[in-house]
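Presented below is the structure to which this report refers.
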Amino acid sequence: MIGESVNPLAVTRDAWREAAVRAGVSAVEVEVICSDRDEHRRRVASRSVDIPDLELPDWQQIIEREYEPWDRDHVVVDTAGQEPKESLALVLSAVPGHG
């Protein structure tokens with residue numbers, strides 16, 4: 001199972017990890033970043049949403065969002081300059097027994 005969400009706070013990351021523990025499965029934690037600020041901003045401005053009435057945060061809200069650094073091992077995938085399939089391949093390569 002892959003659970004994907006914005007988890008800028010340790011409390012939300014801990015909740016996902018605890019869900020895996022309760023389910024008796026392993027967890028691979030992945031932080032997805034875009035190190036190219038201009039590309040990140042362009043992506044924010046050009047994205048679309050397929051959920052009615054869902055308001056996406058704008059660039060200012062994103063850069064002002066609270067963020068707590070990770071305090072344990074995790075995989076970091078930098079999507080700058082990559083196609084989504086390349087980023088997905090990096091994530092999947094971190095999953096034991098996959099690929």
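We use all heavy atoms of the structure for the numbers below, so side chains are in, but hydrogens, waters and symmetry mates are not.
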For residues [X] and [Y], report the shortest heavy-atom separation together with the two atoms involved.
X   : Y   : result
L90 : S93 : O-OG, 2.7 Å
N7  : R13 : O-NH1, 2.8 Å
D78 : S35 : OD2-OG, 2.5 Å
E31 : H74 : OE1-NE2, 2.8 Å
S87 : Q82 : OG-OE1, 2.7 Å
R65 : V6  : NH1-CG1, 3.6 Å

Give, for atom CD1 of I62 and atom CZ of R41, the distance between the pair rounded to the nearest 0.5 Å.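 The CZ atom of R41 is 10.0 Å from CD1 of I62, to the nearest 0.5 Å.
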Could you tell me which residues satisfy side-chain contact (heavy atoms from CB on, under 4.5 Å) with E55, sequence neighbours excluded, listed by chain and number?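 Testing E55 for side-chain contact (heavy atoms from CB on, under 4.5 Å), a comparison that skips the adjacent residues, returns none.
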Indicate every side-chain donor-acceptor pair of residues 14-24 with a distance under 3.5 Å to a residue at least two apart or in another chain.
residue : atom : partner : partner atom : Å
D14     : OD1  : R72     : NH1          : 2.8
D14     : OD1  : R72     : NH2          : 3.0
W16     : NE1  : S5      : OG           : 3.1

Take L88 and E83 through the side chain to side chain contact (heavy atoms under 4.5 Å, CB included) test and state the conclusion after the steps. CA-CA 9 Å; L88 176 60; E83 293 296 320; over 6 Å; no
Side chain proximity check, [X] to [Y], heavy atoms < 4.5 angstrom:
X   : Y   : result
I33 : T79 : no
E29 : V75 : no
P96 : V28 : yes

If you group Ile, Leu, Val, Met, Phe, Trp and Tyr by side-chain heavy-atom gaps below 4.5 Å, do I63 and V44 land in one group?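 Linked, I63 and V44 end up in one cluster.
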Is a side-chain N or O of D36 found less than 3.5 angstrom from the main chain of A80, in a donor-acceptor match?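 No.
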Should we count CG of D58 as having more than 12 external heavy atoms under 6.0 Å?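 More than 12 within 6.0 Å, yes.
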Please say which of R37, R43, R42 ends up in a side-chain contact (heavy atoms from CB on, under 4.5 Å) with W59.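 Considering R37, R43, R42, a side-chain contact (heavy atoms from CB on, under 4.5 Å) with W59 is found only for R37.
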